[in-house]
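Data first, discussion second: the structure below is written as structure tokens.
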Amino acid sequence: MDNFLRLNNGVRLPALGFGVFQTPPEQTRAAVGAALAAGYRHIDTAAAYFNERQVGEAVAASGLDRSEIFLETKIWINDYGYDETLHGFDKSAGKLGVDRIDLLLLHQPLPSDFDRTVRSYQALEKLLADGRVRAIGVSNFTVEHLTALLGRTTVVPAVNQIEVHPYFTQPEARAFGAEHGILTQAWSPIGGITFYPGWRENRVSTLTDPVIGQIATSHGRTPAQVMLRWHLQQGRSAIPKSVDAGRIAENFDVFDFELTGEQLTAINGLDTGVRGGPEPADITVDTWGAEIPEA
């Protein structure tokens, strides 16, 4: 299976990327280096992860040509606003050590000040027009937020990066994206958020789910590999994360087996409708703000 998806502006995106959410800066360089050595060519980070600099250092040390690596990052809510987002790009590009970012997202909608969200997206449109980014998009946007954004901007987002895993599949957001040419990209694609203590009472994590486990056994694969294959076969981008070199390589080894239609349906049937991350409507600068340092 080809590891590429084509975005709505024609840019090719490696479908399986490598994420560094909650990876400490001191571990990020080695983790990204291991991912690039394993074959990943798409790295996802964010200003609010505070590890963009280490991602850039790992890319520079990899020996790979810059054109071979797809870099994706996100503007944090403290840098929303037109001029602020343009400067947010400068901060991210400086830390990553690049002149152009392949995919730049708004990290969250800001429902309490959606005008500011729109101005930020208009700054992304400017960066796209100037060739400083190759594609733009959003993250954690609901159908309501996407509808409002589309009504006030010109460029349809190429990507909406949202929480998607077998226990939270977001069918409405995915369907809206498909209808409008917006690629769904899954964060927590193997349900990492379900491993957290207290996520749900009386519910096993995705990694120990018996349905996923049986499917994995039938293919001689791990539950994580099955979940990543589930995403890819349904046309999504996925960005698993790990700091373990063995697991990093294992998660990339998903291109030589195929789930059946019945198996895909069985995994779809595990949806609980329970979000693991914060409700997008609850995000405000007062409660979630974090100052992003200069480059």
Side-chain angles (χ1 to χ4, degrees), residues 15-24 27-28 31 34-35 38 40 44-46 48-49 51 108 139-140 142 160-174 184-255 257-280 282-283:
L16 189 60
F18 181 72
V20 293
F21 173 58
Q22 291 187 332
T23 302
Q27 291 183 282
T28 298
Y40 294 85
D44 171 79
T45 183
Y49 298 170
N51 55 19
Q108 297 276 353
S139 181
N140 298 305
T142 66
N160 185 20
Q161 185 188 113
I162 56 177
E163 178 187 346
V164 182
H165 49 78
Y167 288 172
F168 191 62
T169 65
Q170 299 225 57
E172 296 83 7
R174 291 189 291 108
T184 295
Q185 184 176 73
W187 66 258
S188 190
I190 57 176
I193 203 159
T194 71
F195 313 163
Y196 299 162
W199 182 73
R200 288 193 78 223
E201 291 183 7
N202 306 317
R203 183 62 166 169
V204 295
S205 83
T206 50
L207 285 181
T208 56
D209 186 278
V211 172
I212 296 170
Q214 288 166 7
I215 294 171
T217 298
S218 74
H219 288 279
R221 298 288 177 151
T222 66
Q225 288 173 322
V226 164
M227 286 184 270
L228 292 171
R229 188 69 209 174
W230 168 72
H231 288 289
L232 297 177
Q233 282 186 223
Q234 295 186 326
R236 288 187 290 280
S237 172
I239 45 170
K241 65 150 288 186
S242 178
V243 295
D244 179 272
R247 288 199 189 95
I248 290 169
E250 186 178 86
N251 287 343
F252 194 73
D253 184 22
V254 293
F255 295 99
F257 74 103
E258 193 98 7
L259 302 178
T260 68
E262 291 80 6
Q263 290 170 338
L264 293 173
T265 299
I267 297 172
N268 291 340
L270 299 175
D271 184 32
T272 66
V274 177
R275 184 187 298 277
E279 287 290 341
D282 295 340
I283 300 295

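Only a predicted model underlies this, so the values are computations on that prediction, with no experimental measurement involved.
His219 and Gln225 share no donor-acceptor pair across their side chains, judged by distance under 3.5 Å alone. A donor-acceptor pair shorter than 3.5 Å cannot be found between the side chains of Asn268 and Thr169.
Separation of atoms CD (Gln185) and CD1 (Ile239) is listed at 4.5 Å; rounding is to 0.5 Å. Atom CD1 of Ile193 and atom CD of Gln22 lie 8.0 Å apart (nearest 0.5 Å). The line from OG1 of Thr23 to OH of Tyr49 is 9.5 Å long, rounded to the nearest 0.5 Å. Note that the CD1 atom of Ile190 and the OG1 atom of Thr206 stand 7.0 Å from one another [nearest 0.5 Å]. One finds the OG1 atom of Thr222 at 8.0 Å from the CG atom of Leu228 (value rounded to the nearest 0.5 Å).
Between the side chain of Ser242 and the main chain of Arg247, no donor-acceptor pair closer than 3.5 Å is present. Proximity of a side-chain donor or acceptor of Ser139 to a complementary backbone N or O of Gln161 within less than 3.5 Å is detected. Between the Gln170 side chain and the Glu163 main chain, a donor and an acceptor come within less than 3.5 Å of each other. Under a 3.5 Å cut-off, the side chain of Arg236 and the backbone N or O of Ala186 do not form any donor-acceptor pair. Asn160 contributes no side-chain N or O that, together with a main-chain N or O of Ala173, makes up a donor-acceptor pair within less than 3.5 Å. The closest donor-acceptor contact from the side chain of Arg221 to the backbone of Asp253 lies under 3.5 Å. Remark: the backbone N or O of Leu259 is paired with a side-chain donor or acceptor of Gln233 at under 3.5 angstrom.
When all heavy atoms of Ala245 and Ala34 are compared, the closest pair comes out as CB-CB, 4.2 Å. Across all their heavy atoms, Ile248 and Ala31 have their closest contact at CD1-O, 3.8 Å. Of all non-hydrogen atoms in Asp244 and Gly246, the two that sit nearest each other are OD1-N, 3.0 Å. In this structure, Pro223 and Ala216 approach most closely via the heavy-atom pair N-CB, 3.8 Å. Scanning all heavy atoms of the two residues, the minimum distance from Pro240 to Pro189 falls at N-CG, 3.6 Å.
Asp44 places none of its side-chain heavy atoms less than 4.5 Å from the side chain of Trp187. Between Pro166 and Asp209 there is no side-chain heavy-atom pair separated by less than 4.5 Å. Residues Asn140 and Ile283 have side chains not in contact (no heavy-atom distance under 4.5 Å, counting atoms from C-beta outward). Counting heavy atoms from C-beta outward, Met227 and Leu207 have side chains that approach closer than 4.5 Å.
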Item to complete: Show your working on side chain to side chain contact (heavy atoms under 4.5 Å, CB included) between Thr28 and Thr45 and close with a plain yes or no.
Response: CA-CA 10 Å; Thr28 298; Thr45 183; over 6 Å; no

Discussion item. Walk me through whether Leu232 and Phe255 qualify under side chain to side chain contact (heavy atoms under 4.5 Å, CB included).
Written reply: CA-CA 9 Å; Leu232 297 177; Phe255 295 99; 3.8 Å; yes

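Classified by interplanar angle (parallel below 30°, tilted 30° to 60°, perpendicular above 60°), the ring pair Tyr167/His165 is perpendicular.
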